[in-house]
J.: 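Can you read through this structure? Questions will come right after.
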Amino acid sequence: VLTVLPRTRVQFETVGSKLRRQALYFIDWLSDRGFNLIVIVVVTSFLVRFVDELTRTVFILIKRTTGGDAAATQRRLETLSSIFSRGSQSIILFIGLMVLLQQLNVNVNPILASAGVIGIAVGLGAQSLIRDLFSGLLILLEDQFSVGDTVKIGDHTGAVEQISLRATRLRGLDGSLTTIPNGAISIVSNLSKDWSRVVLDLEIDHNEDVDRAMRIVLDAATQFRREAPHDIVEDPTLSGIEKISLSSVSIRITIKTAPARQFELA
């Protein structure tokens with residue numbers, strides 16, 4: 001009698017009746033919002049894969065059309081491709097998650113507000129880190145220097161051994177490894193970009209014939225270019241007398257060389 005009466009039917013219904021009622025409710029919910037949820041998941045997954053493949057394709061095309069050092073260009077483009085791909089995928093996944101929560105009747109406004117507050121707190125507490133990351137991204141985008149280049153950053157000179165978004169590592173002539181935060185790099189001199197130059201100042205005694213000495217130096221440099229045609233890319237240039245001192249006359253000769261070959265050739 002209790003299960004028949006309308007007032008007591010819900011309180012005394014059997015477990016099977018509850019399960020059937022929940023099943024009907026779930027089916028109604030699926031028919032109402034299940035299709036939207038499936039579409040959101042499918043579209044989000046598709047966009048994540050699409051952005052990844054699009055980024056890879058774009059950077060492959062850039063690599064094919066970019067000249068210079070193939071190995072250095074490939075390393076730089078792979079780093080940029082990974083950064084852009086991961087950043088775009090994170091944004092797409094976050095937006096997809098917010099839309100999915102809205103379909104589940106979850107209020108996303110507190111989540112967005114909390115994310116904004118957390119972002120501001122992280123930004124204020126990690127300003128130097130964010131500056132390093134942005135500076136590293138600009139270094140890679142502008143191709144200021146690459147792994148293997150010889151650069152001068154402040155008082156430090158050496159070969160670039162590793163570049164990341166946060167820091168650059170230089171190997172000095174004495175073997176020391178210097179780590180420099182990218183945010184601290186304001187002025188950098190690349191000593192091996194595209195080409196290099198040997199600058200030699202040779203001191204000649206006052207008693208010597210300066211014109212004859214300059215001819216000998218120029219002939220020796222020209223002969224040296226014939227012996228190393230791949231290292232010396234242009235004919236040597238004799239600037240002439242650079243300085244006159246009490247003890248000697250200094251003459252200068254310059255030689256344009258392949259990248260990072262100036263020190264050994266000098």
Side-chain angles (χ1 to χ4, degrees), residues 44 47-48 51-56 58-60 62-63 66 68-99 101 108-194 196 259-260 262-263:
T44 303
L47 289 177
V48 168
V51 168
D52 183 44
E53 294 299 329
L54 179 63
T55 305
R56 292 177 183 272
V58 169
F59 279 95
I60 287 175
I62 294 175
K63 183 175 66 175
T66 304
D69 188 358
T73 301
Q74 182 176 359
R75 287 192 296 268
R76 182 171 65 91
L77 292 179
E78 285 178 354
T79 303
L80 290 174
S81 175
S82 176
I83 294 170
F84 280 104
S85 178
R86 292 179 181 178
S88 302
Q89 288 177 353
S90 299
I91 294 174
I92 292 173
L93 288 174
F94 180 76
I95 295 175
L97 179 61
M98 292 298 101
V99 176
L101 291 177
V108 298
N109 292 329
I111 299 177
L112 295 177
S114 301
V117 172
I118 293 173
I120 294 174
V122 172
L124 293 175
Q127 294 184 33
S128 60
L129 177 61
I130 295 175
R131 186 178 64 223
D132 293 341
L133 296 179
F134 275 103
S135 299
L137 182 61
L138 289 176
I139 289 173
L140 292 172
L141 284 175
E142 297 175 357
D143 193 19
Q144 297 178 11
F145 52 85
S146 303
V147 175
D149 288 348
T150 301
V151 299
K152 180 180 180 181
I153 301 175
D155 297 331
H156 303 282
T157 302
V160 180
E161 212 170 72
Q162 183 181 358
I163 303 176
S164 64
L165 283 181
R166 197 194 67 82
T168 297
R169 291 175 174 82
L170 298 182
R171 180 71 67 176
L173 296 177
D174 56 353
S176 60
L177 183 64
T178 304
T179 301
I180 303 174
N182 291 327
I185 300 176
S186 57
I187 299 176
V188 56
S189 300
N190 195 330
L191 306 179
S192 57
K193 183 70 172 179
D194 299 332
S196 302
Q262 69 271 32
F263 301 110

J.: Is it true that a side-chain atom of T44 and a backbone atom of I92 form a donor plus acceptor pair closer than 3.5 Å?
T.: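 No, the answer is negative, given that no donor and acceptor are paired below the 3.5 Å cut-off.
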J.: Could you tell me whether the side chain of D132 and the main chain of G183 form a donor-acceptor pair under 3.5 Å?
T.: yes
J.: How far does CZ of F145 sit from CG of L140, to the nearest 0.5 angstrom?
T.: 8.5 Å
J.: Hey, does V160 have a side-chain heavy atom less than 4.5 Å from the side chain of I163?
T.: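 Yes, their side chains come closer than 4.5 Å.
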J.: Between S85 and T55, which heavy-atom pair has the shortest distance, and what is it?
T.: N-CG2, 4.1 Å
J.: Between V51 and F84, is any pair of side-chain heavy atoms under 4.5 Å apart?
T.: no
J.: Starting from the C-alpha separation in whole Å, work towards a yes-or-no answer on side-chain contact (heavy atoms from CB on, under 4.5 Å) for I180 and H156.
T.: CA-CA 9 Å; I180 303 174; H156 303 282; 4.3 Å; yes
J.: Looking at OG of S90 and CD1 of I95, how far apart are the two atoms once the value is rounded to the nearest 0.5 Å?
T.: 11.0 Å
J.: Run through N190, I187, T178, L170 and flag the one making a side chain to side chain contact (heavy atoms under 4.5 Å, CB included) with I153.
T.: L170
J.: With rounding to the nearest 0.5 Å, note down the distance linking CD in Q262 to OG1 in T150.
T.: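 It is 6.5 Å, given to the nearest 0.5 Å.
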J.: Could you report the tightest heavy-atom contact between P259 and S196, atom names first, then the distance?
T.: CA-OG, 3.7 Å
J.: Supply the atom-to-atom distance N182 CG to T168 OG1, rounded to the nearest 0.5 angstrom.
T.: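 Going from the CG atom of N182 to the OG1 atom of T168 covers 4.0 Å.
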J.: Tell me whether E161 is salt-bridged to R171, with the criterion being a basic N under 4.0 Å from an acidic carboxylate O.
T.: yes
J.: Under the side-chain contact (heavy atoms from CB on, under 4.5 Å) criterion, do K152 and V188 qualify, and how do the steps go?
T.: CA-CA 6 Å; K152 180 180 180 181; V188 56; over 6 Å; no
J.: Got a second to check how far S189's OG is from L191's CG, nearest 0.5 Å?
T.: 6.5 Å
J.: Is the number of heavy atoms from other residues, nucleotides or ligands under 6.0 Å of D174 CG greater than 12?
T.: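 Enclosed: over 12 neighbouring heavy atoms sit under 6.0 Å from CG of D174.
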J.: Kindly compute the distance separating CG (L54) from CG (D52), expressed to the nearest 0.5 Å.
T.: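 L54 atom CG to D52 atom CG measures 9.5 Å (nearest 0.5 Å).
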